[in-house]
Participant: 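Below you will find the structure I want to go over with you.
Residue indices begin at 1 and follow the sequence shown. For ligands, and for the atoms within them, numbers begin at 1 and follow the listed sequence. Just so it is clear, the values below take in all heavy atoms, side chains as well, and ignore hydrogens, waters and symmetry mates.
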Amino acid sequence: MIYLCVPRFSLYINPNMHLHLHTQLTMEVPSNLEVPSLDSKLPFQTIILVTIIVLLGAYFKLKVSLHRGKNLPPGSLGFPFVGETLSFLKAQKQDKTVQWIADRITKYGPVFKTSLISSKAIVITGQAGNKLVFSGGDNGFVSNLPQSLSSILGKHSIFEVTGSRHKLIRGAMMTFLKPESLQRIVGEMDSLVKQQLFQELNGKDSTHGVRLMKRITFKVTCSLLFGLPEGKEKDALFADFILAAKGTLAIPLDLPGTAFGNAIQARRRISKLFSQLISRKRREMEEGKVRPDDNMVSTFVALKDENGELLPEEEIIDNFVILMMASHDTTTIVLSMFLRLLARDAEVRGKVLEEQRQALKAREENGGKLGWSDVQKMKYTWRVSQELMRMTPPVFGNFKRTSRDISFGGFHIPKGWQIMWVTSPTHMDEKIFSEPEKFNPSRFENPRSIPPYAYIPFGAGHRICPGADFARSEVLLLIHHLVTNYEWAEMIPNEPIIREPLPYPAMGLPLKLKPKKICA
Ligand code: HEM
């Protein structure tokens, strides 16, 4: 899989592919190919290079010919081995991935084949395509986490399980993330956000927007989901998650000093800390000091499968790692884009401020606290976030794999091929969202006007993001405290967005800050 919200979007070399490639190469050496001796006139390296190209060409031909007669989607597999990887990576670097996809849709239609680093992929776009990929339980699409990524994220997380195991794990997460449960903790979230924000910005006249949002969202998730108190343990965990996240994009070489090696070390320390947390919670539960629904740790520690067995510790830890990874980077992107927009667009800033002034009034009437119903009233502020996620979705798309042959739109999609779903084609489709290049939050005034499977920043179907409501509350509360206490301006005018692979302001959004006091 390419992304990860954990969704995170990284290219990788499929390890199975190497094995496969080796087997095919052995079979495909043409019998008439003479391998010249070392004293031949051609330099040895040239012979090796030509041989490799011939063999890779033969390999690709064989792989495609296996499906001859079946109507594979149109498209280009690019050059042997690298496929279209180089142009894809270049587009990503220049924030032109949307264009890369759009060019191919124009040329081949909404379903096309490509090849990205040794793996052939079929890109499925459009409303019908999204429906195919997202709907149903066993719909023929399974997760495709590459080995490099699963060494860091774990091999037993929610991404790796299907059927009843997926239901069990997702159910446990939802115990804590569903709106009815969030209602109980939104007050605590509000206090945490406020406290973190003031702690981070106290006495400062400038800040790095991205770093600020990352630290706060990480700390809030840590406290609310895992009950981790402020202190050195949490700071060390934050540093380790940054290292681990960097490793998901690195060449998977587990050597000391490499990004991947550092990530593996960080992952070991993260596992150790979560293991201690789990043991602590087990003891407290045995002593009757905590209830299963107190937080995510107690919920998972008490969770039993259909055979009455408790979950193995490594499965719990892998799911905690996923929850941390999935939650803070994505939410940080929405918040960073929001800060950037408010610095640029006076009209939107005015409307957001007006709505937050009303929330401030409610806060004063509630003895200084914001409750669930107050957050629900921040409708305009949320519509701005929705529009930001339409135009710059935190998760660009993701890779899955077909678990069986599938036919779609008259095409044959073979078993075992990589499938890529992408947010932008429907988000930027003028038939769905008129004038899609225009920032217009009012499109979300009537949610029923948006067709199903067209707006998919949180995915869709049975794997739709379980953290969507958590993210929503966190974004709204952070924006509330920011706009009612500060004014800010960009220090780098027109700072571009880069995708590495998540979309962030290229220089981390340095901001000039000025405290202000708003009256309700
Ligand atoms: C703006 C913020 C967020 C965005 C845009 C986002 C986006 C997504 C997307 C697109 C998926 C589906 C991936 C796929 O089907 O391949 C997903 C899955 C997931 N997200 Fe989020 N997410 C966000 C916040 C969160 C938060 C706050 C949490 C946890 C507290 C979370 C936890 C998860 C988990 C556990 C999954 C896997 C669900 C499954 O496989 O059943 N996410 N997210």
Participant: Begin from the C-alpha positions of Phe320 and Phe300 and carry the test ring-ring contact (aromatic ring centres under 6.0 Å, His included) through to its verdict.
Facilitator: CA-CA 9 Å; Phe320 287 177; Phe300 268 87; 5.6 Å; yes
Participant: Please could you name the atoms of ligand 1 that Met173 approaches to less than 4.0 Å, counting only its heavy atoms?
Facilitator: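 Going through ligand 1 atom by atom, the ones under 4.0 Å from Met173 are 35 (C).
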Participant: Does Glu474 have a non-hydrogen atom less than 4.0 Å from ligand 1?
Facilitator: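 Outside the 4.0 Å threshold, so no.
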Participant: With a 3.5 Å distance limit and no angle check, can you tell me whether Thr402 reaches the backbone of Pro414 through a side-chain donor-acceptor pair?
Facilitator: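 Checked: pair present.
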Participant: Under 4.0 Å from a heavy atom of Thr331: which atoms of ligand 1 are those, numbered in the order shown and with their elements?
Facilitator: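 Per the distance check, 2 (C).
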Participant: Of the listed options (Arg472, Met325, Arg463), which comes nearest to atom 40 (O) of ligand 1 when hydrogens are ignored and any heavy atom counts?
Facilitator: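 Result: the heavy atom closest to atom 40 (O) of ligand 1 is in Arg463.
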Participant: Closer than 4.0 Å to some heavy atom of Ile158 - which atoms of ligand 1 meet that?
Facilitator: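 Per the distance check, 39 (C), 40 (O), 41 (O).
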Participant: Under 4.0 Å from a heavy atom of Trp421: give me the atoms of ligand 1 that qualify, with their elements.
Facilitator: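 Listed by number with element: 10 (C), 14 (C), 16 (O).
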Participant: Tell me whether the NZ or CZ atom of Arg401 lies within the 45° cone about the ring axis of Trp417 and under 6.0 Å from its centre.
Facilitator: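 Here Arg401 fails the 6.0 Å and 45° test against Trp417.
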Participant: Atom 36 (C) of ligand 1: which of Pro393, Pro394, Ala326, Pro466 has the nearest heavy atom?
Facilitator: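 Minimum heavy-atom distance to atom 36 (C) of ligand 1 goes to Pro466.
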Participant: Is the ring centre of Phe444 less than 6.0 Å from the ring centre of Tyr455?
Facilitator: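 Yes, the ring of Phe444 comes within the 6.0 Å limit of the ring of Tyr455, centre to centre.
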Participant: Side chains of Thr381 and Gln356: is there a donor and an acceptor less than 3.5 Å apart?
Facilitator: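 The criterion, which ignores hydrogens and geometry beyond distance, is satisfied for Gln356 and Thr381.
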Participant: Which atoms form the tightest heavy-atom contact between Arg390 and Pro436, and what is the distance?
Facilitator: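 It is NH2-O, 2.8 Å.
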Participant: As an exercise, identify every atom of ligand 1 less than 4.0 angstrom from a heavy atom of Lys400.
Facilitator: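 The atoms of ligand 1 under 4.0 Å from a heavy atom of Lys400 are 14 (C), 15 (O), 16 (O).
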Participant: Relative to the heavy atoms of Ser327, which atoms of ligand 1 are at a distance of less than 4.0 Å?
Facilitator: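 In order of numbering, the contacting atoms are 25 (C), 26 (C), 27 (C), 28 (C), 29 (C), 30 (C).
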Participant: Ignoring angles and geometry beyond distance, decide whether Arg170 reaches within less than 3.5 Å of ligand 1 through its nitrogen or oxygen atoms.
Facilitator: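 Yes: some nitrogen or oxygen of Arg170 is under 3.5 Å from one in ligand 1.
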Participant: Quick check: closest heavy atoms across Met296 and Met173, and the distance to 0.1 Å?
Facilitator: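 It is CE-O, 3.7 Å.
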Participant: Heavy-atom distance to atom 10 (C) of ligand 1: which of Cys465, Ser157, Pro457 wins?
Facilitator: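 Going through Cys465, Ser157, Pro457 one by one, Pro457 has the nearest heavy atom to atom 10 (C) of ligand 1.
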Participant: Which pair of non-hydrogen atoms, one from Thr175 and one from Ser181, has the smallest distance, and what is that distance?
Facilitator: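 Here Thr175 and Ser181 meet closest at O-OG, 2.5 Å.
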Participant: As a check for students: among Leu177, Thr332, Thr330, identify the option with a heavy atom nearest to atom 23 (C) of ligand 1.
Facilitator: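 Nearest option to atom 23 (C) of ligand 1, by heavy atoms: Thr330.
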Participant: Counting heavy atoms only, which of Val133, Val334, Asn319 is nearest atom 1 (C) of ligand 1?
Facilitator: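 The nearest heavy atom belongs to Val334.
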Participant: Take every heavy atom of His328, measure it against each atom of ligand 1, and state whether any distance is under 4.0 Å.
Facilitator: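 The answer is no, since His328 has no heavy atom less than 4.0 Å from ligand 1.
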Participant: Does a side chain donor of either Glu200 or Thr207 reach within less than 3.5 Å of an acceptor in the other side chain?
Facilitator: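 No, no side-chain donor-acceptor contact under 3.5 Å.
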Participant: Check whether Phe134 forms a cation-pi arrangement with Arg463 (NZ or CZ under 6.0 Å from the six-membered ring centre, at most 45° off the ring normal).
Facilitator: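 Not flagged: Arg463 not positioned over aromatic ring of Phe134.
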Participant: Can an N or O of His166 be found at a distance shorter than 3.5 Å from an N or O of ligand 1?
Facilitator: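 N/O-N/O distance below 3.5 Å exists for this pair.
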Participant: Examine Asn398 against ligand 1 and note whether any of their N/O atoms are separated by less than 3.5 Å.
Facilitator: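 Asn398 vs ligand 1: N/O contact under 3.5 Å present.
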